[in-house]
Amino acid sequence: MKRLILVLVILTIPLAGCWDRVDIDMRGYVLGIALDAYPPNPIGQNTSELEASPEEEEPLEKMETQAGRPKYAMTVQLPMLKNSQTAGSGPTGGGFDGSSTWEITQIGDSFISMNREMATRTSLLMYYEHLQVIIISDEIARQGLEKVMDFFLRDPEMRRRVKIFISKGEAKRILDVLPRIEDYASMYLSLIPLNVKKTSRMATDTDLGELIINIHSGLDFVLPKVEAIKDEIKSSGGAAIKNGKMVGWLTELELEAVKLMRNLYRGGVITVRTPGEEEGLNVLEVTKAKSTIKPSIKDNVPHFDIRIKVEGNYAEDVNIHTHGQLDMEYIRMLERTFKKEIESLCTRTIKRMQEEYGADVLQLKRILQTKAPAYWKKIADQWDEIYPSASISITADVTVSLLGLET
Amino acid sequence: MITERLSKVQVMTITVGAIFGVDILMVQHYMVKFARQDGWISLAIGGLLSIGFAFVYYLLAILHPDLDLPEIMLKLCGPFLGRLLLFPIALYAVLYAGLSARIFAQALKMFLLDRTPIYAIIGLMLVVVAYSVYKGIYVIGSISDVIFPICVFTIVSMLLMSFQQMDLDRLQPVLFENTDNVVRGIFPGFRHFLGFEIIAYVYCHTYRAKGTYKWFSAGLLIPIIFYVMLTVVSIGVFSVGSLKGLIFPTLTLSKSIEFPATFLERLESFTAVVWIALVFESLILFFYMSVRDFSVLLGISRRYDKYMTFALIAAAYIVSLLEPHGIQVLDYFLTLLSAYTLYTLIIIPPLTGYALLKRRRSKQ
Amino acid sequence: MLSLLKKLASGKKDRIYEGTTEHLKQFRLSPNIGDNTTRLLDIMNNSFDIKTRAFKIGRTNTRAAVIYISELVDEITVNNNIIKSLILESTFVMDKNGKVDLDLIKDSMLSLADVEETETFDEIVLGIMSGDTFLCIQGFTKGLLISARKYKGRTVGQPNLEPSVKGPQEAFVEMLSVNIGLIRRRIRDPNLTFEIHKLGRRAKADIVLMYIKGIAHKDLIDDIRNKLLAIDIDKVTTAVEVSKLMLDRPHSIFPLVQVTERPDKVVAAMNEGRVAMIIEGAPDAITLPVTLPILMQSSDDYFENWMAATVIRMTRYVCFLISVLFPAIYISTTSYHPGMLPTRLVLSITASRTGVPFPAVLEALLMEFTLEILQEAGIRLPRVVGQTVSIVGGLVIGQAAVQAGVVSPIMVIVISITALSSFAIPDYSLSMASRIIRIPFILLAVTFGSFGIAMGMLFLLAYLSSLRCFGLSYLTPLTPFRPRDSRDSLIRAPLWTMHKRPEFLHPEDTIKHVPPAGRNEPNDN
């Protein structure tokens with residue numbers, strides 16, 4: 001009898017409340033977030049006063065801010081899912097009409113309050129565990145990433161594998177894309193970096209976790225650039241981030257060079273002009289690339305020796321006729337040409353990084369910290385001044401192994 | 001039919017279960033706070049030292065094959081002094097259990113259940129713990145037998161899968177002008193390996209065959225290896241700077257493993273069960289110790305000590321809910337560990353020495 | 001029944017009434033067969049099927065009478081070997097004036113195998129009720145009980161609950177003698193012992209304890225026998241009821257005995273060192289003691305290659321887990337932690353659940369309830385209607401419910417897989433147990449999500465670890481872990497490695513067959 005009573009008592013616990021239970025269709029799965037800057041109010045004016053302004057198109061996007069001024073516009077992308085079973089057996093045979101996503105934009109001061117404000121506009125509970133991408137507009141990036149990232153780091157729902165992109169211009173536009181292959185722009189965008197073995201012109205290994213680690217360790221890094229037209233998104237090139245602020249864009253080739261030097265190159269092609277020919281081009285498809293950076297200290301000045309080892313297959317030539325001519329001598333010549341091209345590209349890139357941006361995107365700081373800690377201790381405070389004039393030498397070594405089907 | 005006894009394998013699994021505890025979720029964070037990227041070295045040294053200390057307990061246990069630790073203390077020091085020395089140990093067990101439950105509930109709230117109140121989480125946990133402890137040491141042994149391979153396998157696979165995110169550079173430079181930090185980190189590392197005193201409680205229930213010490217050593221080594229590997233991998237994945245900011249790095253590590261587009265995409269669901277089982281096992285072992293301690297303290301015979309379970313569960317429940325600040329609870333926990341470590345370091349070796357002397361004298 | 005069990009469990013011996021034949025001990029046979037016959041008919045209330053035949057022995061003037069119950073005896077034998085022998089053939093043994101002697105009759109005239117002398121009415125009545133024929137002779141105070149039984153019943157057929165792909169297709173029937181024959185045919189070991197006891201105050205049913213002496217541990221046999229003899233009850237129909245009365249924990253959700261209708265399983269059990277019991281009137285035998293891995297074994301495992309058998313066996317364990325946990329996991333994953341599923345899966349589940357009126361919990365409980373209805377109805381249906389109902393119930397109702405938008409298709413999938421998994425469990429009682437446990441898990445999942453499931457599993461683990469069947473831990477050899485015995489638990493190792501009997505039963509004779517490199521190991525740990 002005693003046990004029965006105990007069991008009955010315990011059984012009443014579920015009645016007390018299933019505190020966390022939210023049915024699966026009551027959640028709004030945020031697939032992508034876009035962060036834009038909102039033009040700040042002139043000092044002294046309140047949000048509500050702007051409502052009457054004729055320029056405003058989206059009155060629902062404004063909210064009454066409690067402490068700060070509305071500086072950011074956060075757009076979330078939610079999938080709209082129709083039950084194909086119940087809706088589909090109608091006379092028309094069902095099917096989606098038009099867009100199946102909902103982009104909600106909210107303008108406010110802190111991200112979590114914006115997040116919660118969205119609860120005033122939709123019954124769906126915002127759920128971030130399936131967040132695929134975060135797109136940050138370059139305007140915010142230039143103001144400083146650390147300023148806006150805290151919410152994303154602190155909230156336990158955020159996953160460290162969320163991909164981060166910097167958009168050229170308005171970030172919201174990326175989410176508005178109606179992709180052709182996927183249902184949602186966020187999914188589409190998140191799958192693009194998976195092609196990293198085909199080309200190294202997009203930055204990868206740049207998820208939220210890496211971002212946090214780099215910011216906390218005080219390192220500079222590169223984030224991928226993304227831009228879009230109506231139904232396509234492209235990710236190529238990158239943004240150089242120094243001290244948590246974006247300082248400039250890297251072009252596609254520069255990004256390739258950085259990846260080569262940082263040992264992040266996973267695949268891609270290198271094109272050179274055929275020596276001796278005006279219009280001819282030779283292309284190498286890179287299968288393996290490895291780089292090592294060795295620091296050495298001479299007279300209190302650091303010197304970095306970067307060695308890049310590249311192995312690849314001869315992929316294509318354009319505008320010249322090499323059929324039957326690819327013998328070892330030709331190949332060796334090609335290897336020398338490729339080598340020169342890589343070295344010059346890398347040197348150009350690193351020079352621009354040093355002089356124009358002052359951004360240590362190769363993370364040479366870390367090399368010093370790990371390989372020459374005694375020296376690093378001495379000059380740690382002066383790194384920002386030393387870096388632009390640090391001497392970096394690049395040596396490349398190319399091997400062409402296979403030739404495809406033809407010689 | 002035949003008297004039931006714990007087997008040698010269970011000695012190993014119980015030892016592992018007692019040493020693994022809620023601190024598996026946090027140990028890397030604290031090691032890195034002291035010794036930065038060499039935190040794992042402090043941990044390894046602390047672990048090896050703990051093996052030596054564990055064998056002091058083991059010796060004490062074999063000298064009194066039919067008694068467990070509280071009874072040994074009473075026998076060696078007499079009823080009054082024995083009880084006096086036993087009381088802090090008993091208190092420690094209850095406080096450890098209560099605080100562990102609280103810390104774990106906080107971690108769970110962050111990663112699994114957001115709005116469920118802490119008292120409900122701890123309540124459910126303690127109900128199941130109470131039932132298991134009530135059923136006796138052999139049930140506890142069986143439970144640890146089953147949990148052990150599951151935990152080991154899952155942790156090993158989690159570590160292996162995190163390898164690809166690791167960057168060995170983050171562990172360097174090794175021991176560069178860091179030696180004094182490493183030394184300072186040895187004691188904090190040592191205190192994480194506490195739990196081996198369980199051997200003094202369960203040895204009297206084992207088969208007492210030759211070679212038990214081998215299993216005991218295995219049981220001591222396994223947590224050391226795992227904790228050190230975990231620290232190494234965490235530093236490699238997160239780097240010292242990030243790690244200093246993470247409260248539960250192990251959980252973050254399990255969340256960060258991702259193989260896109262396979263069913264393993266979200267591995268943390270598998271590993272979540274493992275953390276729960278690990279902390280559960282640690283709780284039941286510590287509760288068992290506290291039940292035995294308090295029973296001997298109050299003079300209850302072995303047959304009835306299981307009723308102590310309910311009183312102690314209630315006490316631990318209250319303890320776990322006392323402090324409203326989450327951060328403070330972590331501090332209390334670590335202070336408790338340190339205090340207890342010092343206490344036992346001072347008390348137990350002389351006790352063992354005394355027991356050895358008595359044995360020598362009685363042999364003559 | 002319940003109150004009786006409670007009384008038994010509390011250990012109080014509280015006789016409600018006496019047994020129905022014990023009080024007859026006081027009555028002895030009278031030399032007058034008329035008196036005896038009248039008294040016997042009186043005791044048995046003049047039931048119409050009790051036949052009496054009075055006759056004279058041979059050419060002497062001595063009268064004799066046989067009394068028997070026609071439905072229980074082989075009337076041909078009675079007629080030929082008793083009545084005919086005494087009436088006609090007695091002339092070969094006695095002459096006209098010869099004295100009729102009971103010993104003479106017993107030794108020389110009755111060409112039957114089983115003849116016993118008897119004096120007191122309790123034995124006589126019990127004998128007649130069991131199907132013996134009672135012979136009393138005028139002038140003698142002793143009578144003879146002659147066993148010429150012929151029970152009518154089913155012929156040996158196929159097993160219903162435990163079909164096997166390749167194995168023998170014989171199953172027990174309701175007649176004890178036939179069943180014993182089925183077992184004897186398979187083991188021709190003189191050590192195979194059958195002990196017969198009578199059980200039940202009114203029923204006095206024959207119950208047989210079977211074991212192989214020299215393999216089964218003596219203490220185990222004594223323990224079981226003592227518990228059996230201590231049972232104080234009116235009647236038992238099946239061996240399973242008997243087992244419930246003998247266990248320390250009769251209310252355990254998990255079955256603590258193995259009930260089987262296959263003789264080959266009983267033989268395998270006895271060969272391991274277990275003890276079996278079978279009762280007159282029920283086609284099931286029980287084997288004791290039992291552990292969870294034993295219940296998850298099926299005869300088919302031994303007919304296949306060891307790799308295939310291992311995979312199938314592991315699948316069975318997984319099915320057990322699925323059958324218990326799947327609805328709970330579904331609820332916890334969708335309502336509490338959708339972050340645990342891959343993104344695309346979450347989106348498609350959400351799409352299929354939009355518009356469904358009930359929360360996932362209610363859906364799960366509803367479908368669970370429907371499943372139970374279907375299963376119960378399925379047992380009781382006459383065979384002719386059975387097919388229709390399964391089609392109607394399974395397909396139409398499920399499909400219609402989904403299309404009406406009452407339940408989501410995912411729920412139907414979950415419940416179907418759960419149901420199928422529960423049928424993959426070899427032991428019926430075990431699958432019942434899994435059905436019962438499902439519901440608390442659903443409730444735990446509803447309240448606490450996967451934390452609740454984890455806690456439930458740990459509780460289940462503690463519960464299972466604490467179950468003991470005649471001193472044997474229920475989860476042996478998984479825990480306490482015995483590597484030597486694990487060859488036949490989760491996996492099924494090649495037959496040549498299983499040359500010793502499982503250790504956990506402490507058999508007295510450990511070697512089953514001479515292994516390739518034989519080594520004798522001590523029993524005890």
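Just so we're on the same page: letters track the sequence lines, and every chain starts at 1. Please read all numbers here as calculations on a predicted model, not as lab measurements. Excluded from the calculations below are hydrogen atoms, water molecules and symmetry mates; all remaining heavy atoms, backbone and side chain alike, are included.
Heavy atoms closer than 4.5 Å to chain C are found in both the backbone and the side chain of B:L112.
For the options C:L458, C:L461, C:L444, C:L345, heavy-atom pairs under 4.5 Å to chain B are most numerous at C:L458. Of the listed residues B:I140, B:L6, B:V146, B:T13, the one with more heavy-atom pairs under 4.5 angstrom with chain C than any other is B:V146. The most heavy-atom pairs under 4.5 Å with chain C, out of B:I147, B:I284, B:I143, come from B:I143.
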Which pairs of donor and acceptor atoms, one on a side chain in residues 325-334 of chain C, lie under 3.5 Å apart (sequence neighbours left out)?
unit_1 : atom_1 : unit_2 : atom_2 : d
C:S332 : OG     : C:I329 : O      : 3.4
C:T333 : OG1    : C:I329 : O      : 2.3
C:T334 : OG1    : C:Y330 : O      : 2.9
C:T334 : OG1    : C:I331 : O      : 3.4

Output a table of donor-acceptor pairs, distance under 3.5 Å, between side-chain atoms of residues 117-135 of chain B and any protein atom two or more places apart or on a different chain; print 'none' if there are none.
unit_1 : atom_1 : unit_2 : atom_2 : d
B:S132 : OG     : B:V128 : O      : 2.9

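Formation of a donor-acceptor pair under 3.5 Å by the B:Y288 side chain with backbone atoms of B:G136 is not found in this model.
No side-chain donor from either of B:Y138 and B:Q10 sits under 3.5 Å from a side-chain acceptor of the other.
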